[in-house]
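These numbers come from the heavy atoms of this one structure, side chains and all, not from hydrogens, waters or symmetry mates. Count residues from 1 along the sequence.
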Amino acid sequence: MLTRSWAGWAILAAAVLAVVACGTAREVDVSRPLATGLRGFLLPPLTGWSEALDDPLRTELDRAFGALVEQGDLEVARAAAGAMLARVGPEFAPALVLLAQVEFASADPAASKTRLLSVAEHYPHFVAAQLLLGRVAELTNDPWTAWTAYRAASGSRLAGERLAAVRPAALQRARIELDQALERGRVDQATHWRDLLAASAPDEELTIDAARAVAAATGDQLGELEALRGLTAFARPGLPLDRNFLERRAELEMTAGEAGVAVDLYSELGLRYPSDPALREGLAAAQFRFRLTLLPADVEDLTAAPALTRGDFATLLYWLVPGARGGRTEAATIVTDVPEEHPQRVAIVRVVNLGLLPLEDAALRRFDPDSAMSRGRAMRALLLLASRGNAPSSCLRPLVESPRPSIHLACQVASGCGWLDEPAACLPEAPLDGPTAERLLRLAFGLLGD
């Protein structure tokens, strides 16, 4: 189901189109009177025409059409169409349809299609034009145009029959066009095809996946997640969903959707691939994200903030560190620059007295809650927290053995514990943003263990 590649779809679509072309090519052999296979697609040129027309012109059109379909006289019909276009105007649509019918009967579907496209665009309910456009589009390997034309001519029985026949190839062609547009970086064109599919076949698996592809290309996480959720409904019994599909949905549920669903998805993947460390990491991240959703909304919002203050970071520690809110402490440090009415006072005083975060100025007992929290200081605080576990990881030993560990040492330890690719990636003076704080907290709790 969701594992098939769109390259495979392209091959299938080409095969379908080849069958359509091969099965209809013999219908352009003309005999006198006009072959039955051709006549079905030729309606009187005024069929579906809604504008007023004088009787002499109407009679002229009827006679020319009769010469075409009853006697197979292409030249009479062609001459009549040309005369009407010269007399009435070059945009006289019924005469253009008659001329397109002559081209079709002359085994020139490409010319007929070119002529009919503008007519059909200006007169979408012109049945005679739309029915023939559908057929010549089929013969020129353009199933999408054929399908849309047959839909416009749906009052015709033959159009209804052909509509069902070309639908699969039409949808595949639209998807191929969308993918090619994305490959060229033309998101506008891809969006156009996505919208066409959504308007024409909104409940198709192919349409929903087209929405997913465009959303992924444009960074629309909510749109991509919505599409992935919709695609889940197409799972077949006995055919498990593709790993990449489930993993991507789990990632998006964690960041933009429901963390509890992400936990379930990672758990399912973990049962399938129990030795995959990436899935274990994903599950831990989803579980931590789910834990965040249980916090007050203003606290959870801190994990999305572009920059955190020292007070913000203290608040996260207060709500997330096990025992921070209820654990006992013998310390009674006074914080002089956080007044009683400060919204973060309780959290700040608590984490200071638990030794989770030091004062900024110990002599003056100032915490400086509104100053920016740096990445380096956050890592040092969290690594020291992790070292308090019952069985701290060996990677923490250099920090534990140092009486006053520097931020430089904290960066080295963070690299050794796998928090950083290398110490140079520490960026200790950089401001701490919410997503980074969330990741560092989760890693610290992973080292803290029980």
Side-chain angles (χ1 to χ4, degrees), residues 6 9-28 34-50 69 93-94 96-97 100-101 103-105 108-178 192-211 234:
W6 288 112
W9 278 122
I11 295 172
L12 174 60
V16 171
L17 296 173
V19 170
V20 170
C22 291
T24 57
R26 61 178 177 272
E27 293 180 7
V28 298
L34 208 60
T36 303
L38 294 177
R39 285 193 58 175
F41 294 95
L42 303 182
L43 299 177
L46 292 176
T47 305
W49 181 250
S50 58
V69 298
L96 291 173
V97 170
Q101 291 174 335
E103 290 164 337
F104 171 64
D108 192 356
S112 180
K113 175 187 171 185
T114 300
R115 194 175 303 280
L116 289 166
L117 282 171
S118 61
V119 175
E121 181 181 358
H122 286 93
Y123 304 99
H125 303 295
F126 194 176
V127 177
Q130 296 287 7
L131 178 63
L132 183 56
L133 176 58
R135 189 52 170 171
V136 294
E138 277 194 88
L139 295 173
T140 55
N141 197 23
D142 185 357
W144 179 263
T145 298
W147 190 47
T148 54
Y150 286 141
R151 291 171 68 202
S154 58
S156 162
R157 178 191 57 79
L158 183 56
E161 294 174 358
R162 297 309 305 159
L163 186 63
V166 301
R167 187 176 190 273
L171 296 181
Q172 295 301 334
R173 172 56 60 83
R175 181 55 200 264
I176 291 169
E177 293 287 346
L178 183 149
H192 170 71
W193 283 106
R194 177 204 64 189
D195 293 344
L196 288 176
L197 282 168
S200 305
D203 299 325
E204 287 281 338
E205 178 183 353
L206 176 147
T207 300
I208 299 172
D209 193 68
F234 291 92

- Message: Would you compute the distance between atom CG of Leu42 and atom CG of Leu131 and round it to the nearest 0.5 angstrom?
- Response: 8.0 Å
- Query: Does anything in residues 146-174 pair up under ring-ring contact (aromatic ring centres under 6.0 Å, His included), and if so which pairs, sequence neighbours excluded?
  - Reply: Trp144-Trp147
- Task: Can you see which heavy atom on Ala170 is nearest to which on Pro143, and at what distance?
- Result: CB-O, 3.4 Å
- Note on the structure: Scanning both residues in full, the closest heavy-atom pair of Ala93 with Val119 reads CB-CG1, 4.0 Å
- Can you name the nearest heavy-atom pair linking Ala146 to Gly134, along with the distance? CB-O, 3.3 Å
- Task: For the pair Glu161 and Leu158, evaluate side chain to side chain contact (heavy atoms under 4.5 Å, CB included) and give the outcome as yes or no after the intermediate values.
- Result: CA-CA 5 Å; Glu161 294 174 358; Leu158 183 56; 3.7 Å; yes
- Regarding Ser200 and Arg151, is there a side-chain donor-to-acceptor distance under 3.5 Å anywhere? yes
- Indicate yes or no for a side-chain donor-acceptor contact from Gln130 to the backbone of Pro124 under 3.5 Å, with no hydrogens or angles considered. yes
- Task: Determine whether Leu117 and Thr145 make a side-chain contact, defined as any pair of heavy atoms from C-beta on separated by less than 4.5 Å.
- Result: yes
- Task: Calculate, to the nearest 0.5 Å, the distance between atoms CG and CD belonging to Leu171 and Glu205 respectively.
- Result: 12.0 Å
- Query: Looking only at atom types and distance, does a side-chain atom of Gln101 sit under 3.5 Å from a main-chain N or O of Leu43, one as donor and one as acceptor?
  - Reply: yes
- Item | Value rounded to 0.5 Å, distance of CZ in Arg115 from CG in Asp108 | 9.5 Å
- Task: Indicate the atoms forming the closest heavy-atom contact of Ala128 with Pro44, along with that distance.
- Result: CB-O, 3.6 Å
- Message: Nearest 0.5 Å, please: how far is CG in Leu132 from CZ in Phe126?
- Response: 10.5 Å
- Message: Per the salt bridge (charged side-chain N to carboxylate O under 4.0 Å, His left out) rule, what does the pair list look like for residues 192-204, sequence neighbours excluded?
- Response: Arg167-Glu204
- Item | Nearest heavy atoms of Ala153 and Ala159, plus distance in Å | O-CB, 3.1 Å
- Item | Heavy-atom closest pair, residues Ala100 and Ser112 | O-OG, 2.9 Å
- Message: Can a donor-acceptor pair be found, under 3.5 Å and without considering hydrogens, that links the side chain of Arg175 to the backbone of Leu197?
- Response: no
- How long is the gap from OG1 on Thr140 to NZ on Lys113, to the nearest 0.5 Å? 3.5 Å
- Item | Audit row: Phe41, Arg162, side chain to side chain contact (heavy atoms under 4.5 Å, CB included) steps and yes/no | CA-CA 11 Å; Phe41 294 95; Arg162 297 309 305 159; 4.0 Å; yes
- Message: Determine whether a donor-acceptor pair (N or O, by modelled atom type, separation under 3.5 Å) exists between the side chain of Thr47 and the backbone of Val127.
- Response: no
- Do Val97 and Trp49 have side chains that get closer than 4.5 Å, going by heavy atoms? no
- Checking side chain to side chain contact (heavy atoms under 4.5 Å, CB included) for the pair Asp142/Val136: CA distance, chi angles, key distance, verdict? CA-CA 9 Å; Asp142 185 357; Val136 294; over 6 Å; no
- Item | Asn141 and Arg173, any side-chain heavy atoms less than 4.5 Å apart | yes
- Item | Residue pairs, two or more places apart or on separate chains, that pass salt bridge (charged side-chain N to carboxylate O under 4.0 Å, His left out) and touch residues 123-133 | none
